[in-house]
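Comments concern the structure below.
Each chain gets a letter, A, B and so on, in the order the sequences are listed, and its residues count up from 1. The model shown is predicted, which means the values in this text are computed figures rather than measured ones.
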There are 2 protein chains.
Amino acid sequence: MSLTAKELLTKKGVKMTSQRLVITEYLMQTLEHPTADEILAGVAEMLPVPLSRATVYNTLNTLVDAGVIREVLTEPGRTRYDANTFEHHHFVDVKSGKIIDIPQEMLPDIEKALGDKFKVHSYTVTFYGDLEDDKK
Amino acid sequence: MSLTAKELLTKKGVKMTSQRLVITEYLMQTLEHPTADEILAGVAEMLPVPLSRATVYNTLNTLVDAGVIREVLTEPGRTRYDANTFEHHHFVDVKSGKIIDIPQEMLPDIEKALGDKFKVHSYTVTFYGDLEDDKK
DNA sequence: TTTCTTGCAAATTGTTTGCAGTTTT
DNA sequence: AAAACTGCAAACAATTTGCAAGAAA
């Protein structure tokens with residue numbers, strides 16, 4: 001079974017604080033790919049004390065550096081975050097802006113396609129398009 | 001043979017100004033994927049009059065909207081620009097930050113991989129990794 | 001108790017906008 | 001001449017940073 005947020009932070013060697021715990025839990029439990037502000041809004045009510053925007057940013061950077069979460073770049077100027085750290089990809093519905101995870105297994109493996117000169121550590125595919133209604 | 005910047009702007013219905021022409025030429029002639037500031041620095045000397053940062057941004061947005069250039073999102077917080085509007089992809093050398101164009105033909109076509117529910121308009125693959133020395 | 005984190009406010013960085021004057025069609 | 005563009009400065013938006021007080025190892 002999958003790890004709890006607490007176990008994950010311990011495993012990744014991140015010092016535990018209630019802010020980090022709640023932000024990690026929030027990201028693990030959503031399928032959205034929220035921005036820092038959306039995380040702040042979604043998490044604030046779960047904490048007894050006020051959470052500052054600076055702490056959200058600091059925490060997100062810490063979690064990214066520790067490999068607990070990932071940044072998602074789908075639009076200019078704003079960074080989104082994703083607790084899914086498995087190799088995976090994204091589909092952006094251009095009408096709604098909704099971002100849907102695409103598991104690695106849905107695509108052919110293209111890691112080797114570039115040849116030996118390129119040592120690929122990771123890659124991400126971003127699709128832009130329309131979603132048929134019944135998928136929304 | 002390929003179009004000149006002037007021909008391209010005409011074809012795309014963009015009103016001609018010396019700023020737009022020079023910015024388009026600059027992007028067509030480089031293999032880099034410069035930011036707005038890098039474009040400003042690289043282009044300023046080619047114009048008899050000073051070029052303002054606001055005009056660079058306005059121009060880039062106009063050119064993106066007209067389909068003359070594309071935005072490239074490889075790192076958080078900053079937008080890069082690319083005059084290559086063919087469907088293609090990018091390799092980011094994690095050490096130097098250098099971005100290399102990967103032509104569509106180097107990869108298998110994955111547009112149809114998601115199935116009918118997803119009407120894919122376009123997609124872009126971003127690879128992160130190391131480049132062997134002789135490729136630098 | 002030592003080290004690291006949080007919160008606040010101020011600072012930075014990237015980008016957009018309002019408006020007067022200039023250029024393109 | 002009409003419509004659109006440029007430059008400047010001010011406005012915004014996203015993110016980072018310095019420092020004092022507080023919490024985790």
Side-chain angles (χ1 to χ4, degrees), chain A residues 5-24 26 33-66 68-81 97, chain B residues 5-24 26 33-66 68-81 97:
Chain A
K6 193 178 288 191
E7 292 166 339
L8 186 57
L9 294 182
T10 302
K11 179 179 165 193
K12 296 287 190 173
V14 176
K15 189 182 235 182
M16 197 85 52
T17 71
S18 50
Q19 291 84 347
R20 290 176 179 181
L21 204 48
V22 163
I23 289 175
T24 304
Y26 180 80
H33 299 71
T35 62
D37 268 6
E38 289 165 353
I39 293 167
L40 176 58
V43 142
E45 56 193 26
M46 311 174 75
L47 278 172
V49 289
L51 173 63
S52 79
R53 186 178 267 87
T55 297
V56 174
Y57 279 107
N58 288 336
T59 299
L60 291 170
N61 287 337
T62 300
L63 297 177
V64 168
D65 291 347
V68 175
I69 64 174
R70 285 194 181 187
E71 295 170 329
V72 179
L73 309 174
T74 55
E75 62 194 306
R78 43 186 10 181
T79 304
R80 295 179 171 278
Y81 296 88
Chain B
K6 193 178 288 192
E7 291 166 339
L8 184 57
L9 294 181
T10 301
K11 178 180 164 191
K12 297 286 190 173
V14 176
K15 189 182 236 181
M16 197 85 51
T17 71
S18 49
Q19 291 83 349
R20 291 176 178 183
L21 204 47
V22 164
I23 289 175
T24 303
Y26 181 79
H33 298 73
T35 62
D37 269 6
E38 290 165 352
I39 293 167
L40 176 58
V43 143
E45 57 193 25
M46 310 175 75
L47 277 171
V49 289
L51 173 62
S52 78
R53 197 189 298 319
T55 296
V56 174
Y57 278 106
N58 288 336
T59 298
L60 291 170
N61 288 337
T62 299
L63 297 177
V64 168
D65 291 347
V68 175
I69 64 175
R70 286 195 180 187
E71 296 170 328
V72 178
L73 310 175
T74 55
E75 62 194 305
R78 44 185 13 178
T79 305
R80 296 181 170 276
Y81 297 88

Please encode protein proximity along nucleotides 9-22 of chain C as a string of B, S and -, counting only heavy-atom distances under 4.0 Å.
B----SBBB-----
Its contact letters, B for base, S for sugar-phosphate only and - for none at protein heavy atoms under 4.0 Å, make nucleotides 20-25 of chain D read ----SS
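Applying the side-chain hydrogen bond (donor to acceptor under 3.5 Å, both in side chains) test to A:Ser18 and every residue at least two apart in sequence or in another chain returns nothing. Shown here are the side-chain hydrogen bond (donor to acceptor under 3.5 Å, both in side chains) partners of B:Glu75, two or more places apart in sequence or in another chain: B:Arg80. For A:Ala36, the side chain to side chain contact (heavy atoms under 4.5 Å, CB included) partners two or more places apart in sequence, or in a different chain, are A:Val56, A:Tyr57, A:Leu60. When the side chain to side chain contact (heavy atoms under 4.5 Å, CB included) test is applied to A:Ser52, the partners found at least two apart in sequence or on another chain are A:Ala54, A:Thr55.
Applying the salt bridge (Lys or Arg N to Asp or Glu O under 4.0 Å) rule to pairs touching residues 44-58 of chain A yields A:Asp37-A:Arg53, sequence neighbours excluded. Listed by first then second residue, pairs satisfying salt bridge (Lys or Arg N to Asp or Glu O under 4.0 Å) with a partner in residues 8-23 of chain B number zero, not counting sequence neighbours.
Using a 4.5 Å heavy-atom cutoff, the side chains of A:Thr79 and A:Thr35 are not in contact. A heavy-atom distance below 4.5 Å is found between the side chains of B:Ile39 and B:Tyr26.
Computed from coordinates, the B:Asp65 CG to D:dA4 P distance equals 15 Å when rounded to whole Å. The distance from atom CD1 of A:Ile39 to atom C1' of D:dA14 is 13 Å, rounded to the nearest whole Å. When the P atom of C:dT5 is taken as reference, atom CG of A:Leu51 falls 15 Å away, rounded to whole Å. Put simply, CG on B:Leu40 is 14 Å from C1' on D:dC8, counting in whole angstrom units. Rounded to whole Å, atom P of D:dT15 lies 10 Å from atom CZ of A:Arg80. As a whole-Å value, the separation of B:Leu63 CG from D:dC5 C1' is 13 Å. At whole-Å resolution of the value, CG in B:Leu9 and P in C:dT24 are 13 Å apart.
Remark: B:Gln19 is not in phosphate contact with C:dT23, judged by side-chain N or O atoms under 4.0 Å from OP1 or OP2. Contact check, B:Thr55 against D:dT6: no side-chain N or O comes under 4.0 Å of OP1 or OP2.
Axis deviation across the helix from C:dT1-D:dA25 to C:dT25-D:dA1 amounts to 50°, comparing end segments of five pairs, rounded to 10 degrees.
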Report the C-alpha distance between A:Val64 and A:Tyr81 in whole Å, list the side-chain angles of each, state the deciding distance to 0.1 Å, and finish with yes or no for side-chain contact (heavy atoms from CB on, under 4.5 Å).
CA-CA 9 Å; A:Val64 168; A:Tyr81 296 88; 4.1 Å; yes
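With rounding to the nearest 0.5 angstrom, the CD1 atom of A:Ile23 is 8.5 Å from the CD1 atom of A:Ile69. Taken to the nearest 0.5 Å, the OG1 atom of A:Thr24 stands 9.0 Å off from the CE atom of A:Met16.
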